[in-house]
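What you see below is based on every heavy atom in this structure, not just the backbone, and it leaves out hydrogens, waters and symmetry mates.
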Amino acid sequence: YCNSVKGENGIRQIERAHCNNYSRSDILSLAVDDFIEKLDNGEIITSGEILKRFIEKHTCCPIYMLCNQCHHKYDNNKY
């Protein structure tokens, strides 16, 4: 991507961008699916456990660090 620096050429910030292979809700569903058996057995699952698994599931969909302009282009399939 552009390798621009914050403050130059309209770059306001550097942002985390999910790959376009899976949506955030898809990845969350994958994470929750890992706990279905425990939930079916009446076990309590904390939001922290789900968040940790959500982060771990990003191996199927990496997170890219992009400037705000590249992030917008990436999300709109202009790369």
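For residues 16-25, no pair satisfies salt bridge (Lys or Arg N to Asp or Glu O under 4.0 Å), with sequence neighbours left out.
L28 and L39 fall within a single hydrophobic cluster, where Ile, Leu, Val, Met, Phe, Trp and Tyr are joined by side-chain heavy atoms under 4.5 Å apart, directly or via other members. Residues I50 and L30 do not share a hydrophobic cluster, clusters being chains of Ile/Leu/Val/Met/Phe/Trp/Tyr side chains in contact below 4.5 Å.
Between L66 and Y74, the shortest heavy-atom contact is CD1-CB, 3.9 Å.
In this structure D40 satisfies the side chain to side chain contact (heavy atoms under 4.5 Å, CB included) test together with I36, sequence neighbours excluded. Residues that satisfy the side chain to side chain contact (heavy atoms under 4.5 Å, CB included) test with E37, not counting sequence neighbours, are N41. With sequence neighbours excluded, no residue satisfies salt bridge (charged side-chain N to carboxylate O under 4.0 Å, His left out) with D26. The salt bridge (charged side-chain N to carboxylate O under 4.0 Å, His left out) test applied to E49 returns no partner, not counting sequence neighbours.
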Using residues 53-63 as the side-chain source, report each donor-acceptor pair under 3.5 Å to any protein atom, sequence neighbours left out, with the distance given to one decimal.
| from | atom 1 | to | atom 2 | distance (Å) |
| --- | --- | --- | --- | --- |
| R53 | NE | E56 | OE1 | 3.1 |
| R53 | NH1 | D34 | OD2 | 3.1 |
| K57 | NZ | D34 | OD2 | 3.0 |
| H58 | ND1 | F54 | O | 2.9 |
| H58 | NE2 | H18 | NE2 | 2.8 |

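The shortest distance between side-chain heavy atoms of L51 and T46 does not fall below 4.5 Å.
Taking CD of E15 as the start and SG of C67 as the end, the distance is 8.0 Å to the nearest 0.5 Å. Separation of atoms CG (D75) and SG (C70) is listed at 11.0 Å; rounding is to 0.5 Å. How far CZ of R12 is from NE2 of H71: 11.5 Å, rounded to the nearest 0.5 Å.
With no hydrogens or angles considered, no side-chain donor-acceptor pair links N68 and H72 at under 3.5 Å.
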